[in-house]
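What follows is a single structure, written as structure tokens, with notes after it.
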Amino acid sequence: MTDQPQLHPVAAELIARSHRLGADPRNTNYAGGNTSAKGSAPDPVTGDAVELMWVKGSGGDLGTLTAGGLAALRVDRLRQLAGAYPGVEREDEMVAAFDHCLYGKGGAAPSIDTAMHGLVRAAHVDHLHPDSGIALACAADGEKLTVACFGDTVVWVPWRRPGFQLGLDIAAVKEANPRAIGCVLGGHGITAWGDTSEECESNSLHLIRTAEAFLAEQGRPEPFGPVREGYGPLPEEARRARAAELAPYLRGLVSTDRPQVAHYTATDTVLEFLARAEHPRLAALGTSCPDHFLRTKIRPLVLDLPAATPLEQVKERLTALHTAYREEYRAYYERHATPASPPLRGADPAIVLVPGVGMFSFGKDKQTARVAGEFYVNAINVMRGAESVSSYAPIEESEKFRIEYWELEEAKLRRMPPPKPLATRVALVTGAGSGIGRAIAHRLVAEGACVVVADLNAEGAATVAEELGGADRAVAVTVDVTDEEQIKAAFAAAALAFGGVDLVVNNAGISISKPLLETTAGDWDIQHTIMARGSFLVSREAARTMTEQGIGGDIVYITSKNAVFAGPDNIAYSATKADQAHQVRLLAAELGGLGIRVNGVNPDAVVRGSGIFAGGWGAQRAAVYGVEEDKLGEFYAQRTLLKREVLPEHVANAVFALTGGDLSHTTGLHIPVDAGVAAAFLR
């Protein structure tokens with residue numbers, strides 16, 4: 001085995017510094033900013049020492065930066081690009097030229113800020129997006145405030161779109177101001193430098209903390225104005241209930257152009273902003289820092305009704321505001337687009353603000369939605385800081401458009417991998433804490449879905465949710481499917497976590513295996529209550545949520561071969577499976593007009609990993625068939641046409657086949673997953 005090449009000490013030091021800076025959200029936002037370090041290494045051809053620069057590449061995050069996220073470039077070649085620079089009108093061409101300065105293979109693609117790091121005559125450079133620094137950068141008199149805050153140790157650089165020219169500007173600023181340790185970039189962020197990694201980090205933190213202290217000491221109280229009557233936060237229980245009611249409806253609205261996943265935020269920062277009189281004016285001005293509005297769009301959709309407004313009136317107003325937002329966004333695009341502009345990417349909002357309730361942010365997956373919300377919280381902090389010492393003055397709308405519909409941003413989007421088949425889908429799987437349900441949850445997440453792991457066993461559900469990757473991919477809910485209120489609570493939890501539900505798998509169940517004369521009325525009732533009644537209740541709540549969203553959906557029943565096969569000593573279980581199988585047909589007929597597809601999977605003899613079999617069912621069936629319990633799976637396999645044992649993963653494969661897109665025109669179908677049981681063939 002070939003050893004991996006050892007990471008250069010300068011690059012290792014850079015990664016450590018980046019992690020420290022990126023770990024504190026006061027320093028920079030997620031995936032925002034970049035860091036660099038310069039050092040020497042031997043030229044592989046001549047053996048002579050050559051100066052190199054390691055810089056965080058395009059799209060990475062400082063807090064989680066790895067060696068693969070760095071681009072390594074030759075400093076001499078990078079600086080020689082200044083002689084080939086064709087001017088600001090053609091500066092985008094310089095990004096392709098960075099590839100000719102790369103040192104070695106691999107690594108990340110150089111970002112647009114590479115020029116800034118290479119042209120500045122300092123061994124170490126940090127470019128960050130702290131809220132405190134952006135507050136000064138976005139204040140109406142930011143240049144004067146920068147002097148008042150830092151004196152001559154930090155220099156103001158007027159707004160310029162990121163690129164080669166900005167790198168030249170900052171390099172010139174440093175040369176002209178030998179006492180300066182960094183600069184404030186108008187409408188953007190900060191840049192600091194140093195001769196050592198420690199000095200650079202210290203200078204970055206000095207800029208950030210000094211700006212924080214300046215805003216705290218010099219800022220006026222209540223920069224967002226007085227509390228607006230009726231716009232204060234609802235009590236927590238009522239607030240969460242209203243958010244759960246609104247989330248599916250909002251998710252449907254903002255999925256007009258393409259499906260979206262939601263994230264709900266109700267921090268004090270958000271609720272206080274929405275309670276104050278100035279929030280409509282400030283929200284309308286939009287965000288400013290390029291990292292902000294690339295993720296949040298230039299402005300949010302803001303509900304203009306008091307918190308206690310009746311729900312139906314709120315929905316009606318949101319519908320009207322959404323229509324107006326789309327019209328205004330399209331007009332914004334048409335005002336600034338040129339023949340060379342990328343096409344409009346969608347006119348739905350990324351941020352929806354609801355006074356008294358909180359913020360809903362949307363994206364192509366949960367992480368994107370969550371990060372969009374985090375960026376809008378950053379924007380609120382920026383507005384507060386700027387308004388406290390001056391007035392918030394973001395960059396011009398035309399400049400925002402140049403960033404949002406920048407061809408370089410479009411190229412970055414084109415480099416992203418295609419979405420997985422279940423991207424943007426939110427699934428709720430009952431009985432997902434073990435066995436078949438667990439396997440289904442794993443398969444759905446692997447295919448891009450967000451999953452609500454629902455199970456009566458809270459510990460099992462939590463374990464599976466953690467296995468799936470945590471809150472950006474899965475959440476656990478404890479639910480007894482015989483309890484209507486617990487089912488409603490599970491769907492409310494799904495709405496708060498991901499915005500709603502559009503894929504439900506009815507998998508929860510038990511099995512009571514007895515001959516007719518030994519089956520009690522209690523056995524019959526509990527078997528039917530959990531599976532027939534439980535799946536009915538779950539499907540009914542699913543249909544309510546999916547109807548509210550208006551974007552269709554899937555309901556899948558995990559029934560059984562026993563739904564159509566008459567086996568011995570199994571009256572209660574088989575009868576309730578037949579009930580579930582007919583629910584599939586009935587609901588497929590009823591819900592098809594809403595775009596909701598209902599299908600079933602008929603497994604048989606899924607012994608391995610099964611909670612039902614482990615709970616006594618396996619011993620009972622082994623006794624019926626006269627085999628050892630640990631040989632039951634093999635016994636079942638031998639009675640099939642394919643002579644293969646059925647595993648939980650095979651059932652999960654069938655669920656994905658029904659919901660992954662290839663069977664988009666199929667409803668009312670039952671798929672056997674039994675390795676071939678002729679007596680259970682569907683007729």
**Report entry** Lys/Arg-Asp/Glu bridge criterion (N-O < 4.0 Å) met for D472, K366
**Finding:** no
**Report entry** Trace of the side chain to side chain contact (heavy atoms under 4.5 Å, CB included) decision for L70 with V55
**Finding:** CA-CA 5 Å; L70 295 174; V55 60; over 6 Å; no
Report task. Show your reasoning for whether side chain to side chain contact (heavy atoms under 4.5 Å, CB included) applies to I380 and E272. Result -> CA-CA 10 Å; I380 292 172; E272 190 219 359; over 6 Å; no
Query - ring-ring contact (aromatic ring centres under 6.0 Å, His included) contacts in which one or both residues fall within residues 180-215, not counting sequence neighbours - result: H127-H188, H129-H188
Query - Distance (rounded to the nearest 0.5 Å) between I351 CD1 and L301 CG - result: 11.0 Å
Query raised in the report: Within a radius of less than 6.0 Å around CZ of R121, do more than 12 heavy atoms belonging to other residues, nucleotides or ligands occur?
Result: no
Report task. Applying side chain to side chain contact (heavy atoms under 4.5 Å, CB included), run through E404 and E409 and close with a yes or a no. Result -> CA-CA 7 Å; E404 185 177 1; E409 282 296 326; over 6 Å; no
**Report entry** Pair R473 + D365, salt bridge at N-O below 4.0 Å
**Finding:** no
Query - Heavy atoms from other residues, nucleotides or ligands near CD of E175 exceed 12 (cutoff 6.0 Å) - result: yes
Requested in this report: Ignoring hydrogens and angles, tell me if any N or O in the side chain of S390 forms a donor-acceptor pair with the backbone of A139 under 3.5 Å.
Outcome: no
Query raised in the report: Between E387 and R281, does at least one N-O distance fall below 4.0 Å, as a salt bridge requires?
Result: yes
**Report entry** Test item: Y325 and V302 side chains (from C-beta on) under 4.5 Å apart, heavy atoms
**Finding:** no
Query raised in the report: If only atom types and distance count, is the side chain of S202 paired as donor or acceptor with the main-chain N or O of E198 below 3.5 Å?
Result: no
Query raised in the report: When you look at V354 and L274, which way does the side chain to side chain contact (heavy atoms under 4.5 Å, CB included) test go after all the steps?
Result: CA-CA 7 Å; V354 181; L274 295 176; 5.7 Å; no
Query raised in the report: Does a side-chain N-to-carboxylate-O contact under 4.0 Å join E396 and K400?
Result: no
Report task. Taking all heavy atoms of G189 and all of A137, pick out the closest pair and write down the distance. Result -> N-CB, 4.3 Å
Query raised in the report: Can you list every ring-ring contact (aromatic ring centres under 6.0 Å, His included) pair that touches residues 376-402, not counting sequence neighbours?
Result: Y332-F401, Y333-F401, H336-F401, F401-Y405
Query - Listed once per pair and sorted, the ring-ring contact (aromatic ring centres under 6.0 Å, His included) pairs that draw on residues 57-110, sequence neighbours left out - result: Y85-F164
Requested in this report: Quick one: which residue pairs count as a ring-ring contact (aromatic ring centres under 6.0 Å, His included) with a foot in residues 40-60, not counting sequence neighbours?
Outcome: H8-W54
Query - Neighbour count above 12 (heavy atom, 6.0 Å) for R345 CZ - result: yes
Requested in this report: State whether a side-chain donor-acceptor pair under 3.5 Å links Q165 with D169.
Outcome: yes
**Report entry** Donor-acceptor side-chain pairing of R26 and N381 below 3.5 angstrom
**Finding:** no
Query raised in the report: Ignoring hydrogens and geometry, is there a side-chain-to-backbone donor-acceptor pair from T114 to P110 under 3.5 Å?
Result: no
Report summary line: The side chain to side chain contact (heavy atoms under 4.5 Å, CB included) partners of E201 (sequence neighbours excluded) come to R17, R20, L21, L205
Query raised in the report: How close do T287 and A379 get, heavy atom to heavy atom, and via which atoms?
Result: CG2-CB, 3.4 Å
Query raised in the report: Judged by modelled atom types alone, do T35 and D126 share a side-chain donor-acceptor pair under 3.5 Å?
Result: no
Report summary line: The reported gap from CD1 in I112 to CG in L166 (rounded to nearest 0.5 angstrom) is 9.5 Å
Query raised in the report: Taking atom CG of D291 and atom CG of L128, what is their separation to the nearest 0.5 Å?
Result: 11.0 Å
Report summary line: Interatomic distance, CD1@I134 vs OG@S288, rounded to 0.5 Å, equals 8.0 Å
Query raised in the report: Going from CZ on R251 to CG on D348, what distance comes out if it is rounded to the nearest 0.5 angstrom?
Result: 13.0 Å
**Report entry** Atom pair CG (L353) and CZ (R299), whose distance is rounded to the nearest 0.5 Å
**Finding:** 13.0 Å
**Report entry** Electrostatic pair D24-R209, nearest N-O below 4.0 angstrom
**Finding:** yes
Query raised in the report: Does E51 pair with K38 as a salt bridge, N-O distance under 4.0 Å?
Result: no
Report task. Please identify each residue that fulfils side chain to side chain donor-acceptor pair (under 3.5 Å) with N34, with sequence neighbours left out. Result -> D113, H117
